[in-house]
Amino acid sequence: MVDLQSQYAKIKDVVDSSIEEVLSSSTYINGPLVHQFQADLENYLDVKHVIPCANGTDALQIAMMGLGLEQGDEVITADFTFAATVEVIALLKLTPVLVDVEADTYNIDIDALKKAITPKTKAIVPVHLFGQVANMEAVLEIAKEHNLYVIEDNAQAIAADYTFANGTKQKAGTIGHVGTTSFFPSKNLGCYGDGGAIFTNDDDLAHTLRGIVNHGMYTRYYHDVVGVNSRLDSIQAGVLKAKLPHLDSYCEARRNAARFYNNAFANNPNIITPTTKSCGAICDTCNCHVFHQYTLQITNGKRDALHKHLLENDIPNAIYYPVPLHAQKAYADERYNENDFTVTNKLIETVISLPMHTELEKDQLEFITQTILDFV
Ligand SMILES: *Cc1c(COP(=O)(O)O)cnc(C)c1O
C-alpha cells in the first residue's frame, strides 16, 4: 500500500546524518532535534503550539485529559474511523457516542451530530478521514452553540487545507480547540517508529498538555496533575525534521496519483471515486485532500471478489474499515440503533482502498487501474 523504501532512498543522506547527529551527541530523549522539529512544524502549520508525544493514540488521550473531560461526559465521534479515536474515549471512562458519516466524504454527518447532542455532551471529535477535512465550519458552529470542545483527529490529514465559506484557509488540526496527529510510518508524514503530536493555539491548554506528557510535572519532581509518559524520541524527530520540507511535494505526488485513478475510473458505472469537497475537483494549488487513502466504492456487489482478484494479481489493497465501531464487541452499546448507521453499514460493504503513496509510477498506476476495470 505504501513504498517507504523508495521514498527513503531519495532522502537517505539527510535522514542518516540526522540519526548520526543523535547517536554522536547521545541526546536520545528531548534533544535539540525534538525542539527544532517542533518549531518547524509550528511554522509549517501556522499554529502557536505543537506538543510532540509518543503516538497518535496518546495524542488523543492527552488532549482529552488536558481539556479536563471527566467520567460520564459524552464525546461524539464518527462511527467510520480507526478504533483509536473511540478507544481513548472509553479508556478515560468518558462515554463515546458514535454517529453516522456522510455518504460522499465519509466524514462525520452534521445532522447525525446535532441529533446526538445531550446535556452531557462535552466534546466533538471530527476525524479527517482518508485525508479530507470534515465539515469544520458546521462543527465549530454547533460546538459554539452548545459550548463544546472540538478535538480534531488529524492522524490522516496532516498538511490538508480547509477552506471556510469566506475563502480563508487553515491547516487541518489547527481549527478546533486542539488537534492531534500520528507520525506512524505509513501516515502522510511518517517517522521510522512511533510518534505523534498535539496542536493548539491556546497558551494555557498548551502549558497543561506539556505537563501531562511529562508525568504531570511543571517543575521537576513536583507533580501537579496525573500525567503520562509520552515522548517523541530524538531519532524520530530527526527523521521528521528531514521529511517535513518534502511534505508539500509528497502531497502533490499523492494528488497526482489520485488524479490518475479518478480519470481512469470516471466512466465506470460500478465505481464511485472519492469526492473532493472543499475545492470541488482535485485542486492544483492547495492540499484540500491529501489522500492518505484513495478509497473507491464498488457498487455492483463485487467488492470482496475484487479484493481477492487484486491480491491474486499482486496488487496490494485493503478494506478500511471492515466493521463499524458501533458493531465492535468492545464498543457495542444498547443505545445504538442500526437505522442510525445506514451510511457506515453500506460503506463497510463497498469500500476498497488502493495503493497510495509518494512513489507510484505511471506503469504501476496503469496496471492497477486496468486490472480493476477489466474485472469490475
Ligand atoms: C493512525 C490513527 C490513529 C492512531 O495513531 P497511532 O500513532 O497509530 O497511535 C488515530 N486516529 C486515526 C484516524 C488514525 O488513522
Side-chain angles (χ1 to χ4, degrees), residues 1-2 4 37 41 50-65 75-92 94 96 98-99 101-102 105-108 123-134 136 139 150-160 172-173 175-176 178-199 213 228-233 235-237 239-240 243 254 289-295 318-326 328 330-331 344 347-348 351 353 356-357:
M1 294 296 278
V2 294
L4 299 174
F37 169 64
L41 191 58
V50 166
I51 298 107
C53 65
N55 57 68
T57 310
D58 274 9
L60 280 163
Q61 179 182 329
I62 294 158
M64 288 177 202
M65 290 168 76
V75 180
I76 302 174
T77 192
D79 188 38
F80 191 60
T81 174
F82 180 58
T85 322
V86 69
E87 180 177 52
V88 299
I89 300 172
L91 200 65
L92 291 172
L94 312 172
L98 297 165
V99 300
V101 295
E102 297 178 339
T105 65
Y106 317 146
N107 279 324
I108 195 161
I124 309 168
V125 187
V127 182
H128 305 322
L129 202 75
F130 300 157
Q132 176 161 226
V133 187
M136 287 304 289
V139 169
V150 176
I151 304 159
E152 298 175 73
D153 182 346
N154 193 34
Q156 300 190 2
I158 196 154
I175 303 165
V178 59
T180 65
T181 203
S182 163
F183 303 123
F184 185 79
S186 64
K187 298 281 155 93
N188 287 29
L189 179 62
C191 56
Y192 297 159
D194 272 312
I198 312 163
F199 318 136
V213 297
V228 295
N229 170 21
S230 188
R231 305 176 180 118
L232 180 71
D233 69 69
I235 289 181
Q236 302 312 331
V239 171
L240 292 165
K243 285 176 91 171
R254 286 171 179 274
H289 194 323
V290 293
F291 292 99
H292 173 60
Q293 297 298 343
Y294 183 88
T295 305
I319 312 298
Y320 301 124
Y321 297 93
V323 182
L325 291 178
H326 80 269
Q328 297 280 3
Y331 306 111
T344 309
L347 288 175
I348 56 157
V351 290
S353 297
M356 174 47 82
H357 54 84

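First listed ligand is number 1; within each ligand, the first listed atom is number 1. When reading the values below, keep in mind they use all heavy atoms of this one structure, side chains included, and skip hydrogens, waters and symmetry mates.
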Which of the atoms in ligand 1, numbered in the order shown and given with their element, are less than 4.0 Å from a heavy-atom of [X]?
X	answer
V127	13 (C)
A155	2 (C), 3 (C), 10 (C), 11 (N), 12 (C), 14 (C), 15 (O)
N55	7 (O), 9 (O)

Please say whether [X] places an N or O atom under 3.5 Å from an N or O atom belonging to ligand 1.
X	value
D194	no
T57	yes
D153	yes
A84	no

For ligand 1, the portion of [X] having any non-hydrogen atom under 4.0 Å away:
X	answer
D58	neither
K187	side chain
T81	side chain

Discussion item. Under the side-chain contact (heavy atoms from CB on, under 4.5 Å) test against E152, which residue among T181, I175, V178, T180 passes?
Written reply: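 Looking at T181, I175, V178, T180, the match for E152 under the side-chain contact (heavy atoms from CB on, under 4.5 Å) is I175.
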
Measure the [atom1]-[atom2] distance between [X] and [Y] for me, rounded to the nearest 0.5 Å.
X	Y	atom1	atom2	result
I348	F80	CD1	CZ	8.5 Å
F199	I51	CZ	CD1	9.5 Å
I62	I198	CD1	CD1	4.5 Å

Discussion item. One pair to check against side-chain contact (heavy atoms from CB on, under 4.5 Å): T57 and F184. What are the steps and the verdict?
Written reply: CA-CA 10 Å; T57 310; F184 185 79; over 6 Å; no

Item to complete: If the plane angle is over 60° it's perpendicular, under 30° parallel, otherwise tilted; pick one for Y106 and F130.
Response: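 Correct class here is perpendicular.
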
Worksheet entry | Heavy atom of the protein closest to atom 8 (O) of ligand 1 (residue, atom name, distance) |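 Nearest protein contact, heavy atoms only, for atom 8 (O) of ligand 1 is S182 OG, 4.0 Å.
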
Worksheet item: Tell me: protein heavy atom nearest atom 15 (O) of ligand 1, and distance?
Response: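 In this structure, atom 15 (O) of ligand 1 has Q156 NE2, 2.8 Å as its nearest protein heavy atom.
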
Worksheet item: Between N154 and H128, does a side chain to side chain donor-acceptor pair (under 3.5 Å) hold up when you go through it step by step?
Response: CA-CA 6 Å; N154 193 34; H128 305 322; 4.6 Å; no

Discussion item. Applying side-chain contact (heavy atoms from CB on, under 4.5 Å) to I158 and V290, what does each step give before you reach the verdict?
Written reply: CA-CA 8 Å; I158 196 154; V290 293; over 6 Å; no

